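Read through the structure below, which is laid out as structure tokens, and then see the notes.
Counting starts at 1 for both ligands and their atoms, following the listed order. Computed from a prediction, not measured in an experiment: that's the story for all the values here.
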Amino acid sequence: MSAMNTSDKTSVAVNTATDDRLSPLLFVEGLTVRYGDFHALKDVSLSLAPYGTHAVIGPNGAGKSTLFNAISGFVKPTAGRVVFSGTDVTAWRPDRLARSGLARSFQISAIFPDLSVEDNLRMALGRHADKASLMSSRRAIGLGEEAARLLSETGLDLRRKERAADLSYGQKRLLELVTTLLLDPRLLMLDEPMAGLAREDIPEVTSLIAKAAGRCSVLLVEHNLHVVERLAQEVTVLAGGCLLSRGTYGEVASDPRVREAYIGGSASD
Ligand code: ADP
Ligand code: MG
């Protein structure tokens with residue numbers, strides 16, 4: 001910390017601001033989702049820092065998507081609470097959560113295939129209420145610095161005039177992520193972003209997520225453990241709806257319970 005010599009009161013304020021990185025952006029406590037007698041999620045707690053990547057792994061049916069759905073308002077938890085940026089948002093609907101900075105990526109289905117790459121970005125930036133309004137405006141509108149930076153970082157600037165439908169699968173995934181990042185989320189939730197990608201597309205998508213995690217908090221469900229190892233500072237392992245283990249990738253990967261339930265089993269890249 002810089003040597004700011006101020007009154008006690010001010011230095012408390014300075015410390016609070018500095019420690020913002022440490023106070024959780026998302027706090028999930030005792031989250032439980034029951035379908036009849038079946039617990040899809042049971043008493044799961046989780047805390048996310050404002051930056052960095054927290055991965056959730058576990059075998060199929062472990063409750064990973066249910067956890068995502070309960071956090072993002074798509075499923076009403078049976079018990080527990082979700083606190084986002086200090087506010088209890090447990091009963092909030094997905095659209096309200098989205099407006100408050102919680103972005104859930106829905107992958108390729110979210111892009112407009114018949115629009116160009118840059119028009120997809122314009123739509124994301126909200127300069128047009130709908131596609132018709134965008135199409136009727138023939139005037140080229142600048143995309144702004146952030147969009148231009150994301151385009152060049154992903155290599156999509158080379159294809160900015162092309163229809164999104166003509167991009168490769170990996171580039172579509174990048175485009176969808178870029179449009180989500182343009183919403184300037186505080187929390188980015190990604191459910192299996194590498195699913196269906198060709199092996200050669202994985203490094204680029206991984207690197208975009210790593211960059212995103214420098215600007216917001218990323219909660220990631222991912223089966224590709226190389227990607228998890230590369231991206232995640234913290235890993236939560238679920239099995240049968242319950243928290244099985246938590247720690248760094250190295251810690252959970254060497255946890256005998258995790259090896260038995262997941263990593264030692266069928267999980268692979
Ligand atoms: P994961 O994403 O880890 O593969 P899910 O969260 O999708 O697992 O599912 C966890 C468990 O909850 C699974 O056994 C699944 O069949 C069950 N489940 C999920 N949604 C429902 C639902 N709407 N009704 C009943 N059971 C469900
Ligand atoms: Mg799932």
>> Under 4.5 Å between side-chain heavy atoms, counting indirect links through other Ile/Leu/Val/Met/Phe/Trp/Tyr residues: same cluster for Leu97 and Val75 or not?
In response: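 Yes; Val75 is reachable from Leu97 via cluster members.
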> If Ile, Leu, Val, Met, Phe, Trp and Tyr residues are connected whenever their side-chain heavy atoms lie under 4.5 Å apart, and connections chain through other members, are Leu67 and Val83 in the same group?
Replying inline: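 Looking at the clustering, Val83 is in a separate group from Leu67.
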> Distance below 2.8 Å from the Mg ion (ligand 2): how many protein N/O/S atoms qualify?
Replying inline: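 If we list every protein N, O or S atom nearer than 2.8 Å to the Mg ion (ligand 2), we get 1.
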>> Whether the Asp191 and Ser65 side chains hold a donor-acceptor pair (N or O, under 3.5 Å, no angle test) is what I'd like checked.
In response: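 Distance-only check passes for Asp191 and Ser65.
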> If we ignore angles and hydrogens, is there a donor and acceptor under 3.5 Å between the side chains of Glu162 and Ser116?
Replying inline: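 Short answer, no.
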> What residues come within 4.0 Å of ligand 1, counting heavy atoms only?
Replying inline: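 Contacts of ligand 1 under 4.0 Å: Tyr35, Phe38, Ala40, Pro59, Asn60, Gly61, Ala62, Gly63, Lys64, Ser65, Thr66.
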>> Taking Arg122 first and then Asp119, would you say they form a salt bridge - that is, a charged N and a carboxylate O separated by under 4.0 Å?
In response: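 Yes.
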>> Checking Arg246 now: which residues fulfil side chain to side chain contact (heavy atoms under 4.5 Å, CB included) with it, not counting sequence neighbours?
In response: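 Applying side chain to side chain contact (heavy atoms under 4.5 Å, CB included) to Arg246 gives Leu46, His54, Glu234, Thr236, Leu243.
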>> Tell me every residue that passes side chain to side chain contact (heavy atoms under 4.5 Å, CB included) with Glu204, counting only those two or more places apart in sequence or in another chain.
In response: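 Glu204: side chain to side chain contact (heavy atoms under 4.5 Å, CB included) contacts with Leu174.
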> Judged by atom type as modelled, is there a donor-acceptor pair below 3.5 Å linking the side chain of Arg259 to the main-chain atoms of Ala253?
Replying inline: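 Answer holds: yes.
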>> Any non-hydrogen side-chain atom of Leu177 less than 4.5 Å from a side-chain atom of Ile209?
In response: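 Result yes, sub-4.5 Å side-chain heavy-atom pair found.
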